[in-house]
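Below is one structure, written out as structure tokens, with a few remarks after it.
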Amino acid sequence: MNELARITEALLFLSPEPVSLERLADATESGEGEVLEALARLREHYADGYRGVVLREVAGGFTLATDPVAEKAARRLLARPRTPPLTQAQAECLAIVGYLQPVSRPEIARIRGVASESATATLLERGLVEESGRSRFGAVLYRTTELFQKLFGLEALDALPDVSRFDPTPEDERDLRERLLKAGEARAEPHQA
Amino acid sequence: MNELARITEALLFLSPEPVSLERLADATESGEGEVLEALARLREHYADGYRGVVLREVAGGFTLATDPVAEKAARRLLARPRTPPLTQAQAECLAIVGYLQPVSRPEIARIRGVASESATATLLERGLVEESGRSRFGAVLYRTTELFQKLFGLEALDALPDVSRFDPTPEDERDLRERLLKAGEARAEPHQA
Amino acid sequence: MSVASLDLDLEVFQGPFDLLLTLVLREEVDLLEVELADVVVTYVDFLQDRGEIDLEAATEFLVLIAALLELKSRMMLPVEETDGLELEPSEAADELLARMLEYRRYRDAAAFLRERLTAEQGYRYRSAPLPAHLRRASLEVAEAVYEPDRLAEALGGLLRLPPQIDLHHLARPRVSLEQRLAHVRTLLRKQASFSFDDAVQGADRMTEAVTLFALLELFKSGEASWDQSEPFGPITVRAPAGEERSAGAGRASTGPGSP
């Protein structure tokens, strides 16, 4: 390992947050190309499956993390509770903020069909989303945080899979449509709104 | 690297404090002999002078730490100048050490009329004061550091400003230390006339 | 108010309003059977009770109710009345269909996120404070940021002696038991009975307390007795005439010095 790789390793070890290529280059007073080379060397050292620590690229930067092989022992040693899983409501809000950001609470409610106050509050409290100004109607807008990217192992926001991947299949869609039409036809008589 | 060595590496990576052999054995549910072997393997990986991170055995156990080679870069990346404004308690402690040095912690407490552990600890951590031997009663003595002089723009210690401008009774010609102790004791237990 | 706390009691649906649209989107409630006018009436009643409007919550309500109204009216519009709109029955359902599909998309994205979070739980990041030497300003680049006078001023403050507390102005009442005993005995000699209030008229609390103590002394020595018909009521002090002492048992329970 050359000196730049050694220094890069130390910086990633010390920094509590992922460090971008640019900041690594600044701190080491090197070019980004050199740092990328150093990172490649580090990656060899921290090859998946061979070490307890792995080099990861998340939230727009590089960081070291422990391999899941150590999860159980780490829990015994640190007695730090795992981050609680997301409830369905929280996950839905997070998905909407993740894909549509910046997005307001009324908009989240429109899509979910349900007021989303408490789920949004929890996501804010857990640091997964944050406020991001106001819409032109004055509603608070939300976006995801770096912690979100870190905890979900995303290199960047656009590393989220394309949202069309979650669209219902054409068969599901046709099926749903037919059922709706039947419901409509069953009521030829107008009802009161 | 076998699995135990990988897990041990991960545990040392995560823990901010040195971890004892016993705790490593507990967390990995292994024998201490096995953990020692794993540590030996790790030591090969973290050989001094080849990596940015080194394995250290210090009082209390094993720990990973950065090699000094990365010090400058780490400062550029992470060290924000830690010079927040001084609190009144810190300013008083620092003044006492500055003008009376060397001075012991019990003396600081007597002069201020209150225990001053946390202010002293902060000054120590920020490198403004340091230990300077012990008094004949065994109390730790403090003095100011070179960093103190730089942060206050002082050429030398005797360049500290004259106190008489702020002295409520400048005509009192007794020794400064004696006067401070007297005043401190008077503040600690108010006497009735 | 929170939209979630608006409780509905409709023919086809009972529960919090904010569940209604979800159930419609999940096809668990038939929108055509929901009387939306009742929902609005309930909301207006609720607002009236509250007397205040939380704008964010009101917006949420409007968004939800507007969506419901739009969906429902489109589904109900008879073809011949859609002057210029020419909504086919299939188009009428389109809006609701689009909404349902959109919801499903994010429901499935949510499932993906939950799985992803679980998968990522195994990776742990280090969160340790910086080593002490990196937490200090470095000597080489340290600049003068503190004002030396701050130290001189702090030390000057520490030289200040606390103001002496002068207690001379506090008159210390001195009341002796002997004085009060003499006072009560004098009163008893003058009259067979008198009220305690008369005995301490114009006196301070200390004097009252010592007088009561004097009375206890006199009771002990048999020089006086007293009675009080109710707690905090007037106390009558008497010289111990023979007939009164024999009647004393009957009233002893209320007297402060009862044996």
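Because only heavy atoms are used, hydrogens play no part in the values below, and waters and symmetry mates are left out as well, while side chains stay in. Below, read A as the first sequence line, B as the second, and so on, with proteins coming before strands; counting in each chain starts at 1.
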Sequence neighbours excluded - side-chain hydrogen bond (donor to acceptor under 3.5 Å, both in side chains) pairs with any residue from residues 152-164 of chain B: B:Asp162-B:Ser164
Residues A:Arg76, B:Glu29: salt bridge by 4.0 Å N-O rule: yes
Largest heavy-atom contact set with chain A, pairs under 4.5 Å, which of B:Val54, B:Leu64, B:Leu24: B:Leu64
Partner chain B: residue of A:Ala10, A:Pro16, A:Ser15 with the largest heavy-atom pair count (under 4.5 Å): A:Ala10
A:Glu32 atom CD, neighbour heavy-atom count above 12 within 6.0 Å: yes
Close side-chain approach of A:Val69 and B:Glu3, heavy atoms under 4.5 Å: yes
Top contributor to chain B contacts, counting heavy-atom pairs under 4.5 Å, from A:Leu42, A:Asp26, A:Leu14, A:Thr28: A:Leu14
Rounded distance (nearest 0.5 Å) linking atom CG of A:Leu11 with atom OG1 of B:Thr66: 9.0 Å
Flag if over 12 foreign heavy atoms under 6.0 Å of CD, A:Gln101: yes
Over 12 foreign heavy atoms within 6.0 Å of CD, B:Glu173: no
Non-hydrogen atoms of A:Ile7 and B:Ala73 that approach each other most closely: CG2-CB, 3.5 Å
Under 4.5 Å from a heavy atom of chain A, the part of B:Ala65 involved: backbone
Best-contacting candidate, A:Arg6, A:His45, A:Lys72, A:Glu9, against chain B by heavy atom pairs under 4.5 angstrom: A:Arg6
Stepwise side-chain contact (heavy atoms from CB on, under 4.5 Å) test for A:Leu77 and B:Val19: CA-CA 9 Å; A:Leu77 180 72; B:Val19 193; 3.8 Å; yes
Neighbour count >12 (heavy atoms, 6.0 Å) for atom CD, A:Glu146: no
